[in-house]
Protein chains: 4
Amino acid sequence: MCPKKHIPSAVKDPKLIETRRQQIVAAAVNLFVEKGFHGTTTREIARESGLSIGALYEYVESKEDVLYLVCDNIHTTLETRLRRTLTEAGNARESLRSAIRQYLYVMDDMQDDVLLIYQESKSLPLEALHFVLGKEEQITGIFADILRRGIEDGSLRLDPGAVTLMAHNIIVLGQMWAFRRWALQRHYTLEEYIRVQTSLLLNELMSPDETDDTDTQVKKEEGEAVRGN
Amino acid sequence: MCPKKHIPSAVKDPKLIETRRQQIVAAAVNLFVEKGFHGTTTREIARESGLSIGALYEYVESKEDVLYLVCDNIHTTLETRLRRTLTEAGNARESLRSAIRQYLYVMDDMQDDVLLIYQESKSLPLEALHFVLGKEEQITGIFADILRRGIEDGSLRLDPGAVTLMAHNIIVLGQMWAFRRWALQRHYTLEEYIRVQTSLLLNELMSPDETDDTDTQVKKEEGEAVRGN
Amino acid sequence: MCPKKHIPSAVKDPKLIETRRQQIVAAAVNLFVEKGFHGTTTREIARESGLSIGALYEYVESKEDVLYLVCDNIHTTLETRLRRTLTEAGNARESLRSAIRQYLYVMDDMQDDVLLIYQESKSLPLEALHFVLGKEEQITGIFADILRRGIEDGSLRLDPGAVTLMAHNIIVLGQMWAFRRWALQRHYTLEEYIRVQTSLLLNELMSPDETDDTDTQVKKEEGEAVRGN
Amino acid sequence: MCPKKHIPSAVKDPKLIETRRQQIVAAAVNLFVEKGFHGTTTREIARESGLSIGALYEYVESKEDVLYLVCDNIHTTLETRLRRTLTEAGNARESLRSAIRQYLYVMDDMQDDVLLIYQESKSLPLEALHFVLGKEEQITGIFADILRRGIEDGSLRLDPGAVTLMAHNIIVLGQMWAFRRWALQRHYTLEEYIRVQTSLLLNELMSPDETDDTDTQVKKEEGEAVRGN
DNA sequence: CATGAATGAGCATTCATTCAT
DNA sequence: CATGAATGAATGCTCATTCAT
């Protein structure tokens with residue numbers, strides 16, 4: 001998959017390490033989401049993990065390690081869920097359309113976690129940050145691959161030099177659904193968001209002849225609401 | 001402009017308040033950018049401001065107030081610089097193209113500040129956060145206005161219900177240049193980024209007949225480099 | 001006198017720093033003597049100093065700083081008290097005899113402090129340790145000076161190359177009264193100790209013709225006691 | 001030899017106890033010398049001993065027990081090595097001269113261990129400390145015995161009441177070579193130190209008629225160096 | 001208005017020791 | 001006998017905020 005930062009543990013049994021770290025991550029995600037990294041104490045993490053503070057530090061060397069574990073876990077979950085939905089059926093254009101939809105479903109579901117990474121990863125030590133960004137890039141690569149397939153099979157017209165950028169655009173599409181939810185989710189439902197963004201992205205917006213009507217149309221009230229801010 | 005949160009001060013003279021708060025913000029931006037909100041102490045802010053801690057607390061009620069002041073200041077600067085470049089000359093499509101370019105210039109210049117808002121605004125008390133988000137929405141409104149003008153003058157084909165979303169897309173376009181710089185700025189120069197993103201956005205990408213070649217084409221090496229990662 | 005390590009303080013008024021540090025040292029000496037450096041907590045030091053823990057750290061940067069302050073204070077006291085008793089009256093031999101006597105009085109009085117330095121100075125950071133050893137050497141120099149005067153005025157016969165060593169011997173003479181008190185003070189009174197050590201040192205022991213009888217003779221019971229262990 | 005503190009063990013086999021404790025002591029000496037008693041953790045002791053912490057605590061009841069074991073071991077080694085070199089050949093004066101020389105050789109070799117006892121024995125529980133001091137006294141007795149023999153055979157002129165003191169002086173002579181090495185070993189080689197101290201002690205210093213020249217004379221450069229500080 | 005000394009709750013982390021397996 | 005995971009009291013230190021001068 002992707003190289004992971006090795007976090008030393010005083011405990012020898014790898015099985016146990018895995019189990020305990022899962023407890024820790026499960027507890028920490030919730031706490032970090034709720035109160036932020038700096039607002040959460042190690043004791044809270046320990047308590048919620050069902051570990052003593054001493055035990056916590058047997059599986060982790062610092063609070064920052066917990067943050068890394070959390071970020072990595074979120075990314076892994078994200079990637080796993082995303083890859084699970086990928087199909088090679090049909091041309092790449094259809095694959096992309098489907099992948100975007102699935103990606104946005106996942107992002108909608110993991111909003112808090114996405115936010116967490118975006119707001120707290122700066123607290124990671126440099127080395128750990130690199131690993132996290134590496135993972136981020138890898139996930140971006142999923143879309144880059146589809147885009148390249150689309151260029152090859154002719155279903156997508158895109159300058160090869162713009163592939164990376166486009167892939168990042170798609171990723172950001174999902175992230176903004178989370179970190180601008182205070183605005184977006186007031187105006188659009190997830191389905192609307194998916195529909196419109198996909199259209200814009202797949203360039204159907206400006207080529208009405210290729211557009212299927214149900215796709216681009218936004219509900220009336222929505223159109224009104226938008227003007228209201 | 002936009003309603004601002006009133007921050008009480010023990011000092012009467014409004015002129016003085018204004019001056020001192022400017023000192024405070026100037027000092028705090030640098031510190032927050034460099035060390036983050038939590039990594040900066042009030043003493044450091046005071047020292048860099050040329051004030052005593054006692055004096056600092058005469059102009060501000062809490063460290064969070066400083067953060068609010070900083071965020072508000074960044075947003076105000078951003079908006080001012082952006083509005084200064086807006087022209088009504090030509091059709092809206094050309095206005096938009098120009099606005100995006102100018103916006104990206106500003107965002108490139110203010111990368112650190114943009115990052116600051118994105119990573120630290122979660123530390124604001126709820127009320128202050130609302131003011132900050134309000135400002136954000138207002139800036140988004142600048143682009144929404146242009147888009148609406150484009151619909152009216154026919155230079156932009158866009159479903160009215162998608163205006164808000166498109167405006168957010170544009171804003172995020174600029175923000176991602178900052179918060180994904182670890183990837184984007186490794187692959188693209190600012191000019192390339194502006195060119196490609198504008199093309200994608202203005203839908204020239206998929207309609208090569210409308211495209212001006214120099215605009216969509218990315219330098220060969222870039223194309224290679226992209227595949228390389 | 002002797003260069004001192006500068007210990008930064010958050011407080012500006014030098015008078016206040018002096019006062020507070022004196023409080024701190026006064027409290028810490030007792031605590032360190034009683035419970036050792038590691039056995040004493042910073043909170044105890046603060047409490048006994050009449051300061052809050054926060055205030056303590058305004059005058060000191062670490063617990064080790066307190067230790068340095070304590071060591072330096074002890075050395076300074078020692079040196080001051082020692083120098084106060086020095087006389088140039090008579091020949092150097094008589095000066096030395098008197099100086100040793102006074103030195104041992106002081107050492108007897110400061111036993112606990114001497115012990116403290118000997119047992120805890122290893123906990124000092126390297127730099128601070130150098131300052132402490134420098135001070136120690138300077139005190140040794142007091143006796144070296146007298147010895148040199150003795151060589152010059154002919155009242156002491158000593159190879160110049162042995163001056164330093166002899167000076168260290170004298171210093172250690174006083175220190176061992178403290179750190180071997182569990183044995184020495186069971187067998188000898190201070191006066192006896194002074195008398196015998198001075199005799200041995202001034203070489204009267206083996207030259208009975210120069211010896212004044214009352215000086216070398218140790219009380220009968222003492223002689224017995226010695227054999228008893 | 002000397003009564004030793006009994007340290008309870010959960011293990012029955014005395015052979016095994018002996019072996020394991022030797023492992024423990026060997027590891028702990030190095031660690032204590034390097035990092036001090038308080039700076040060494042029980043886990044480190046266990047690891048270096050090749051034992052698990054669990055096992056460590058089967059052979060020892062506390063960290064302080066390890067310290068006692070270490071101190072006792074050092075003292076035992078010291079005494080053994082010292083006694084091995086003792087000869088009854090010649091008069092006591094010559095025995096003493098030789099014993100001092102051998103003693104200083106051993107002390108030079110065991111500097112770190114000597115320092116260890118001097119700096120850390122204060123961390124021993126009272127009872128253990130008494131045993132350690134007892135051993136120290138016993139070693140001192142070695143020299144007391146020689147001194148007494150010297151009084152009897154007339155080769156040493158010494159007030160019987162000063163025997164104990166003189167014995168302590170000799171012991172301290174060796175110890176100071178270790179704990180004042182920062183000064184002494186900068187000025188003198190071991191051989192010079194032995195020569196001069198022996199001379200001073202054997203009272204040849206002030207009676208040049210009895211002195212053998214090579215013995216009291218300190219190398220010219222040394223003499224200079226001494227004045228230089 | 002300005003100063004800066006004082007406060008003390010709060011935090012991350014350590015480590016000797018235990019005990020179930 | 002051996003193992004090593006678990007415990008949690010204890011510690012050094014920080015820092016936002018206050019308030020007497």
Side-chain angles (χ1 to χ4, degrees), chain A residues 9-13 16-17 20 38-47 50-66, chain B residues 9-13 16-17 20 38-47 50-66, chain C residues 9-13 16-17 20 38-47 50-66, chain D residues 9-13 16-17 20 38-47 50-66:
Chain A
S9 169
V11 172
K12 295 179 180 173
D13 179 4
L16 192 52
I17 294 181
R20 293 280 185 260
H38 284 104
T40 303
T41 68
T42 52
R43 289 169 129 84
E44 287 172 317
I45 298 172
R47 193 184 324 120
L51 299 176
S52 68
I53 184 67
L56 176 68
Y57 275 89
E58 298 260 323
Y59 296 96
V60 129
E61 285 192 317
S62 68
K63 199 184 166 190
E64 278 74 26
D65 277 356
V66 177
Chain B
S9 168
V11 174
K12 297 286 146 63
D13 181 0
L16 193 52
I17 295 181
R20 294 276 189 261
H38 283 104
T40 303
T41 68
T42 51
R43 281 160 120 105
E44 287 173 319
I45 297 172
R47 193 188 321 121
L51 300 176
S52 65
I53 338 130
L56 177 68
Y57 274 87
E58 300 263 329
Y59 297 97
V60 127
E61 286 193 315
S62 69
K63 198 185 169 191
E64 278 74 26
D65 278 357
V66 177
Chain C
S9 168
V11 171
K12 294 177 180 175
D13 180 3
L16 192 53
I17 294 180
R20 293 279 186 261
H38 284 105
T40 303
T41 69
T42 52
R43 290 167 130 86
E44 287 172 319
I45 298 172
R47 192 185 324 121
L51 298 176
S52 67
I53 183 68
L56 176 67
Y57 275 90
E58 299 259 324
Y59 296 96
V60 128
E61 286 191 317
S62 67
K63 199 184 168 190
E64 278 75 24
D65 277 356
V66 177
Chain D
S9 169
V11 174
K12 298 285 147 63
D13 181 0
L16 192 51
I17 295 182
R20 293 278 188 258
H38 284 104
T40 303
T41 67
T42 51
R43 281 161 119 104
E44 287 172 318
I45 298 172
R47 191 185 326 120
L51 300 176
S52 66
I53 338 130
L56 177 67
Y57 274 87
E58 300 264 329
Y59 297 97
V60 129
E61 285 192 314
S62 69
K63 198 183 166 190
E64 277 75 25
D65 278 355
V66 178

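Just so it is clear: chains get the letters A, B, ... in the order the sequence lines come, proteins before strands, and each one is counted from 1.
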For [X], report the nucleic acid contact type (base, sugar-phosphate, nothing); a contact means any heavy atom under 4.0 Å.
{"X": "C:L16", "result": "sugar-phosphate"}
{"X": "A:T40", "result": "sugar-phosphate"}
{"X": "A:A10", "result": "sugar-phosphate"}
{"X": "D:T42", "result": "base"}

By nearest nucleotide on DNA chain E, pick out whichever of A:G39 and D:E61 is the more 5' one.
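Final value for this comparison: A:G39.
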On DNA chain E, does the nearest nucleotide to D:K63 precede the nearest nucleotide to B:K12 from the 5' side, or the other way round? Give the residue.
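Looking at the nearest nucleotide for each, B:K12 comes out on the 5' side.
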Apply the test salt bridge (Lys or Arg N to Asp or Glu O under 4.0 Å) to residues C:E58 and B:R43: give CA-CA distance (whole Å), side-chain angles for both, the deciding distance (0.1 Å), then the verdict.
CA-CA 13 Å; C:E58 299 259 324; B:R43 281 160 120 105; 3.3 Å; yes
Nearest heavy-atom neighbours spanning [X] and [Y]:
{"X": "D:L56", "Y": "D:T42", "value": "CD2-O, 3.7 Å"}
{"X": "B:H38", "Y": "A:H38", "value": "ND1-ND1, 3.1 Å"}
{"X": "A:L51", "Y": "A:A55", "value": "CB-CB, 4.0 Å"}
{"X": "D:K12", "Y": "D:I17", "value": "O-CD1, 4.3 Å"}
{"X": "C:R20", "Y": "C:Y59", "value": "CG-CZ, 3.4 Å"}

Gap between atoms NE2 and C1', on C:H38 and F:dT11 respectively (whole Å):
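One finds 12 Å between C1' of F:dT11 and NE2 of C:H38, rounded.
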Rounded off to whole Å, could you give me the CZ-to-C1' distance for the A:R47 and F:dT7 pair?
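Answer to the nearest Å: 16 Å.
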I want to confirm an ordering. Mapping A:R43 and D:L51 to their closest nucleotides on DNA chain F, which one lands closer to the 5' end?
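The residue mapped nearer the 5' terminus is D:L51.
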Please map the stems of DNA chain E, keeping only stretches of three or more Watson-Crick or G-U wobble pairs with both distances under 3.5 angstrom.
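E:2-21 with F:2-21 - these are the stems of 3 or more pairs that involve DNA chain E.
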Between which nucleotides of DNA chain E, 5' to 3', does chain C make heavy-atom contacts below 4.0 Å?
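Taking any atom under 4.0 Å from a heavy atom of chain C, the span is E:dG4 to E:dG10.
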For DNA chain F, which residues in residues 52-60 of chain A have a heavy atom at a distance below 4.0 Å?
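Heavy-atom contacts with DNA chain F come from A:S52, A:I53, A:G54, A:A55, A:E58, A:Y59.
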